[in-house]
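Notes follow once the structure below has been shown.
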2 protein chains.
Amino acid sequence: MPEDRTNKVSCSNYRCEIEVALEIISGKWNALILWTLGTEGTKRFSELKRSLSGVTQKMLTQQLRTLEKHGIVTRTIYPEVPPVVEYSLTEMGKRLIPIFKDLDIWGKEFIEYRKTL
Amino acid sequence: MPEDRTNKVSCSNYRCEIEVALEIISGKWNALILWTLGTEGTKRFSELKRSLSGVTQKMLTQQLRTLEKHGIVTRTIYPEVPPVVEYSLTEMGKRLIPIFKDLDIWGKEFIEYRKTL
DNA sequence: CAGCATCCTCCTTGATACTG
DNA sequence: CAGTATCAAGGAGGATGCTG
């Protein structure tokens with residue numbers, strides 16, 4: 001986040017903003033949340049939780065809140081009983097997906113590469 | 001890293017490897033180290049330290065060791081007095097640079113975007 | 001269903017001092 | 001110059017229990 005960026009980031013004088021992006025997508029589940037929403041579209045909380053096997057309720061909520069605050073995901077509440085809450089990517093969030101695809105490809109190559117070491 | 005990946009990663013059954021990539025580039029200085037080596041080429045330890053203002057010796061050493069272990073950077077020692085140690089990217093490391101460029105662009109867009117919220 | 005509150009643990013980072 | 005070693009602190013993340 002730009003405001004407390006000076007505490008965490010060292011890329012001097014805004015010459016590069018990699019760290020800004022990484023601050024958004026790091027965190028144990030953020031990338032996976034974004035990837036899931038990006039490839040599978042809008043999802044409710046419980047669906048998301050099921051997709052991300054192993055995530056705790058607390059962490060999912062927490063990371064979704066942060067992403068929402070940053071304007072990367074939207075949270076839509078349907079005032080029903082039982083409550084329904086849906087999450088989806090904003091435009092800014094969708095623009096991360098192609099980058100994730102590249103990271104995914106790199107990751108696969110890396111795994112192969114490591115076998116050759 | 002693939003071996004202890006099960007502890008940290010949740011992308012089930014290797015369907016996506018984003019997390020593998022993120023594990024490499026996360027860590028407070030890793031991305032910046034790679035970016036610097038990628039854009040400015042081979043550097044010695046002290047040059048790198050100067051480029052990454054704010055990094056402690058310990059952290060720089062530590063993160064370089066990890067990157068080296070992963071085969072992302074190479075470490076070349078010239079047995080002189082005083083010692084000279086140079087770091088540079090491997091082929092696998094260089095392939096991250098285009099992705100970093102995209103993250104950089106996204107970061108800049110994000111900063112503009114946040115002003116409109 | 002979708003959360004919040006609490007407590008607790010471990011890992012990352014920081015500070016500092018010492019060395020071939 | 002380029003490290004290693006040690007100690008300490010803070011925060012991210014996990015476990016569990018309670019609600020509208």
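Letters A, B, ... mirror the listed sequences (proteins, then strands); counts begin at 1. Note that these values count all heavy atoms, side chains included, but never hydrogens, waters or copies made by symmetry.
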> How do B/P83 and A/P83 order along DNA chain D: which one's closest nucleotide is nearer the 5' end?
Replying inline: B/P83
> Can you tell me how far P of C/dC11 sits from CG of B/N30, to the nearest Å?
Replying inline: 18 Å
> In whole angstrom, what separates B/E80's CD from D/dA2's P?
Replying inline: 10 Å
> Starting at CD1 of B/I77 and ending at C1' of D/dT4, how long is that distance when rounded to a whole Å?
Replying inline: 14 Å
> So does B/Q63 get a side-chain nitrogen or oxygen closer than 4.0 Å to the phosphate oxygens (OP1/OP2) of C/dT13?
Replying inline: yes
> Which residue, B/T56 or A/R44, contacts DNA chain C at a nucleotide closer to its 5' end, judged by nearest heavy atom?
Replying inline: A/R44
>> Is there, by distance only and without an angle test, a donor paired with an acceptor across the side chain of A/K58 and the base of C/dG3 below 3.5 Å?
In response: no
> Just how far, in rounded Å, is P of C/dA2 from CG of A/L64?
Replying inline: 11 Å
> Are B/E86 and B/K43 within salt-bridge range, i.e. N to O under 4.0 Å?
Replying inline: no
> Atom CD of A/Q57 and atom C1' of C/dT6: how far apart are they, to the nearest Å?
Replying inline: 15 Å
>> Between A/E91 and A/K94 (salt bridge meaning N to carboxylate O under 4.0 Å), is one present in this structure?
In response: yes
> With respect to the phosphate group of C/dG14, does any side-chain polar atom (N or O) of B/K28 fall under 4.0 Å of OP1 or OP2?
Replying inline: yes
>> One thing to verify: whether B/R50 and B/E47 come together as a salt bridge, which I'm taking to mean a side-chain N less than 4.0 angstrom from a carboxylate O.
In response: no
> Choosing from D/dG3, D/dG13, C/dG3, which nucleotide comes nearest the side chain of B/T61?
Replying inline: D/dG3
>> Just to be sure I understand the rule, does B/E47 reach a base, reach only the sugar-phosphate, or reach nothing, if contact means heavy atoms closer than 4.0 Å?
In response: nothing
> When the distance from CZ of A/F45 to C1' of C/dC4 is rounded to whole Å, what number comes out?
Replying inline: 11 Å
> The side chain of A/M59 lies closest to which of these nucleotides: C/dT13, D/dG14, D/dC1?
Replying inline: D/dG14
>> Let me confirm one number: the OG-CZ distance from B/S88 to B/R75, rounded to the nearest 0.5 Å.
In response: 12.5 Å
> If you look at every strand shown and take non-hydrogen atoms under 4.0 Å, does A/E86 touch a base, only sugar-phosphate, or nothing?
Replying inline: nothing
>> Using the side-chain heavy atoms of B/R65, tell me which of these nucleotides is nearest: D/dC1, D/dT4, C/dT13.
In response: D/dT4
> Using a cut-off of less than 4.0 Å, is there contact between a side-chain N or O of A/R50 and OP1 or OP2 of C/dA2?
Replying inline: no
> If you look at every strand shown and take non-hydrogen atoms under 4.0 Å, does A/Y78 touch a base, only sugar-phosphate, or nothing?
Replying inline: nothing
> Rounded to the nearest Å, what distance is computed from the CD atom of residue B/E68 to the P atom of nucleotide D/dG3?
Replying inline: 9 Å
>> How many whole angstroms separate atom CG of B/L48 from atom P of D/dC1?
In response: 14 Å
> Looking at side-chain heavy atoms only, is the closest gap between B/R65 and B/Q62 below 4.5 Å?
Replying inline: no
